[in-house]
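One structure below.
Below, chains carry the letters A, B, ... as their sequence lines are ordered, and counting in each starts from 1. Since this is a predicted model, take the numbers as computed values, not measurements.
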Number of protein chains: 2
Amino acid sequence: MDTSLKSTLHRRGLRMTPQRQLVLDAVRELGHATPEQICTQVQRAAPAVNITTVYRTLDLLEELRLVRHTHLGHGAPTYSERAHEHVHLVCHHCGAVSEAPTALMDELADRLREREDFELDVTHVALSGRCATCREADLKASQELGEKEARA
Amino acid sequence: MDTSLKSTLHRRGLRMTPQRQLVLDAVRELGHATPEQICTQVQRAAPAVNITTVYRTLDLLEELRLVRHTHLGHGAPTYSERAHEHVHLVCHHCGAVSEAPTALMDELADRLREREDFELDVTHVALSGRCATCREADLKASQELGEKEARA
DNA sequence: TTAGGTGCAAAGCATTTGCCAGTCT
DNA sequence: AGACTGGCAAATGCTTTGCACCTAA
């Protein structure tokens with residue numbers, strides 16, 4: 001696996017460096033993480049590594065199709081391994097991020113292809129909505145409101 | 001319509017101002033536009049209006065559920081009228097944005113509700129992928145590549 | 001010896017905040 | 001007077017760029 005990265009780089013006249021390995025390792029360990037978080041993780045092993053290098057390396061790894069980035073809505077994008085494919089669900093109330101199998105989107109992808117002639121990339125953008133926890137909280141709140149109004 | 005905005009504001013102890021009207025008008029005219037674009041449009045009528053005001057007003061109008069913002073992937077979000085509900089399809093190759101009926105997402109929304117206990121907000125995030133035009137270009141390119149290889 | 005790689009500082013965009021002066025009630 | 005507004009400048013967060021130095025082929 002590392003061998004393949006090394007040789008892929010080599011084919012392009014690029015080198016394998018400790019920084020590049022560390023960034024890739026960090027992406028793998030962290031699951032989905034922002035450049036900032038990845039930088040912090042890398043700096044545990046090599047404190048001198050600059051965030052600039054992290055950005056540059058992430059761009060490179062993305063070009064090499066080893067990682068991908070996903071926009072979770074606001075703020076920084078998160079990076080994850082390309083191999084680990086899933087759909088992101090972001091709660092825009094509490095900010096929680098969960099993952100769902102991409103198969104959920106298959107039918108939508110088919111329909112978009114047929115009707116809109118659009119080839120969906122399932123992983124690039126997160127789906128936004130309300131998570132289970134926040135929905136329960138909402139339910140409770142509206143019940144309490146209902147009781148209060150009933151009393152009034 | 002303006003009356004309802006004015007009275008909605010009034011109920012909250014807020015005032016109707018030329019700036020607020022202009023921002024709302026601009027959102028309606030432009031369809032989906034970034035704060036920057038909205039600001040430019042507003043400044044045609046009132047050059048002194050500051051981008052800060054645009055941001056503040058957009059937040060307010062969003063709270064009042066008159067507009068909504070959508071993340072099209074990279075860069076600034078775009079704002080559009082709340083009433084005009086649709087799904088955004090963004091081509092991450094050429095950047096083109098198209099719109100599709102939200103009904104396309106109904107089944108996905110149902111499945112997410114059932115299986116993931118997640119209440120999808122269809123409009124908040126754009127779907128990313130490859131548009132018809134770019135797919136054709138891809139097809140042509142791969143055909144040419146095929147011919148070239150066949151010759152070799 | 002030459003391209004590639006990195007660190008550092010500075011610049012660049014998008015957005016938010018603090019503050020003050022003006023305005024409506 | 002007191003709350004609401006909007007303009008301006010500065011701060012913030014995220015990312016990119018320019019440049020000098022270093023290292024591997």
Other residues, nucleotides and ligands only: do more than 12 of their heavy atoms fall within 6.0 Å of NE2 on B:H93?
no

Consider the side chain of A:R56, meaning its heavy atoms from C-beta on, and name the nucleotide among D:dT15, C:dC19, D:dC19 that approaches it most closely.
D:dC19

Counting distance only, does the side-chain N/O of B:T34 pair as donor-acceptor with the main-chain N or O of B:Q37 below 3.5 Å?
yes

Which of A:E81, A:H86, A:R82 passes side-chain hydrogen bond (donor to acceptor under 3.5 Å, both in side chains) with A:H84? Answer is A:H86

Can you identify which nucleotide, out of C:dG5, D:dT15, D:dT5, has its nearest atom closest to the A:T17 side chain?
C:dG5

Using only heavy-atom distances, determine whether the side chains of A:H124 and B:S128 contain a donor-acceptor pair under 3.5 Å.
yes

Nucleic acid contacts of residues 59-70 of chain B, taken as heavy-atom distances under 4.0 Å to DNA chain C:
none

For A:E36, I'd like to know if atom CD has over 12 heavy atoms of other residues, nucleotides or ligands within 6.0 Å.
no

Compare every heavy atom of B:L58 with every heavy atom of B:V67, then report the nearest pair and how far apart it is.
CG2-O, 4.0 Å

Contact nearer the 5' end of DNA chain C, comparing B:R15 with B:T34:
B:T34

Counting only heavy atoms and a strict 4.0 angstrom limit, can you tell me which residues of residues 45-55 of chain B come near DNA chain D?
B:A48, B:V49, B:N50, B:T52, B:T53

So, is B:R20 near the phosphate of D:dT5, with a side-chain N or O under 4.0 Å from OP1 or OP2?
yes

What nucleic acid atoms does A:P77 come within less than 4.0 Å of, heavy atoms only: base, sugar-phosphate, or nothing?
sugar-phosphate

